[in-house]
Amino acid sequence: MSPKIAIIGAGPGGLTLASILIRNGISPTVFEHDAFPEARTQGGSLDLHPGTGQEALAACGLTPQFEKYARYGDQDFTLGDKYGNRVMEIKDKDVGRPEIDRGQLRQILLDSIPKGVIKWNHHLVAATEDSLQFRDHIEVGWDLIVGADGAWSKIRPLCCYVTPYYTGISAFRMMLTQASTKHAALSELVGKGTYYSLGEDDGLALAYQRMDNDMISVYAFGRRPEDWIQKSGIDVNDHNAIRAALKKDYTHWDPKLCAVFDECEDNISFQSLYMLPVGLRWPAHKKMALIGDAAHLMTPFAGEGVNLAMTDALDLANAIISKPNDIAAAIAEFQPRMWERAKIAGEVAWENAMARFEPGALVRSKRRFQRRLESQGNLQLLELADRKNNEHISILLEHV
Ligand SMILES: Cc1cc2nc3c(=O)[nH]c(=O)nc-3n(C[C@H](O)[C@H](O)[C@H](O)COP(=O)(O)OP(=O)(O)OC[C@H]3O[C@@H](n4cnc5c(N)ncnc54)[C@H](O)[C@@H]3O)c2cc1C
């Protein structure tokens, strides 16, 4: 008989787990806080990596659907400074990490899951190992409960007693639509991929990301105190107030880079970034497991979060499929692989979070990207010729 499995959270981790299990004859129940699939926008673009996110999608049988949306031509990367100078550029290279919009990835996964499996509008309030307490009812009788419920997991406290802490970095997220026509200059600046500008000594960064359908997603990251937004007096629902605050913060930046503050849609959101300690682990529970951000929340600066969540789902699904009648053994088998992977990515994510927001950030970041590229062998780093004419950049590059 199939084990009775509850998955909390229909994010990339929970949906991948449900999809693989269903494909292998095990039907779980997914409980999701959102009232319905389109209840909120899903965010920007992300790259799925061959050995992790792409492999998990293959286990869902979704490679053809992925290929339909995968943008192999959007893998360009530019690193620049706050004055608009470009320090490093990778162009027209297939680095094996095609981009896909989060919303498209989610839709592919949702389409692979039969109706009725996902219980929308189910916000988990509390849990014990025997019960799931929702706002208006309790669900019992589970062989396995999986916390795929992200940063503020309600399942995590049953596995370990560690809570996320503030990383010192927060972000405003903005969107540009009809970029090539309505925002032609910014669209040209971003090109086909990601454009990252680091402010170094001011602790600020701007990250532009090309999305599908002529959209661009932009993050304005900054080193700020945890209570900064409350103390600033900025009303997070007042987009013009946010625009004014950002323009003040970035007043010493190249106006071309900052044009987004005026040009973006009226949908700016603010997010403080939290993390769990790198290397966090706990004694295996006999019927509770965590995957994705619930298990190893980290800063986004390694670009691995979704890939890790999906790989955790793949590993846990495989363990359950091979031991459907021994869930405790399946959990014990799966966890060490997840922890090992998350520790490596978590160290990179933390180091990148430090390295991108301090003096010398451009040199260090460039060096890190360079090492990453060299380790992939088939890539060339293209330094821009015009940097020779730029004293600031030339000095920085001497240290590389
Ligand atoms: C600014 C930023 C940029 C990022 N960029 C990238 C990137 O480029 N590439 C990348 O790989 N990763 C990126 N990440 C990380 C990535 O978003 C996460 O690691 C990933 O979404 C984790 O997936 P998950 O399924 O574990 O959790 P989530 O995506 O957080 O999904 C959790 C789900 O659980 C639901 N839920 C939460 N609480 C409850 C509850 N109590 N009851 C019921 N349901 C609940 C939520 O509604 C949600 O649907 C970024 C993160 C941030 C903050």
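Note that ligands are numbered from 1 as they come in the structure, with each ligand's atoms numbered from 1 the same way. Every value quoted in this text rests on a predicted model; they were computed, and no experiment measured them.
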(request) Please identify each residue that fulfils salt bridge (Lys or Arg N to Asp or Glu O under 4.0 Å) with Asp293, with sequence neighbours left out. (result) none
(message) For a 4.5 angstrom cut-off between non-hydrogen side-chain atoms, does His137 reach His122?
(response) yes
(request) With Arg356 as the cation and Tyr196 as the aromatic partner, state whether NZ or CZ is under 6.0 Å from the six-membered ring centre and within 45° of the axis. (result) yes
(message) Just to be sure I understand the cut-off, which residues have at least one non-hydrogen atom under 4.0 angstrom from an atom of ligand 1?
(response) Ile8, Gly9, Ala10, Gly11, Pro12, Gly13, Phe31, Glu32, His33, Asp34, Arg40, Ser45, Leu46, Arg102, His122, His123, Leu124, Ala148, Asp149, Gly150, Lys154, Tyr219, Gln271, Leu273, Gly292, Asp293, Pro300, Gly303, Glu304, Gly305, Val306, Asn307, Ala309
(request) With sequence neighbours excluded, give me every ring-ring contact (aromatic ring centres under 6.0 Å, His included) pair touching residues 328-355. (result) Trp282-Trp339
(message) Just to verify, which of Met175, Met174, Arg173 counts as forming a side chain to side chain contact (heavy atoms under 4.5 Å, CB included) with Ile268?
(response) Met174
(request) Please collect all ring-ring contact (aromatic ring centres under 6.0 Å, His included) contacts where either partner lies in residues 173-193, sequence neighbours excluded, each pair once. (result) none
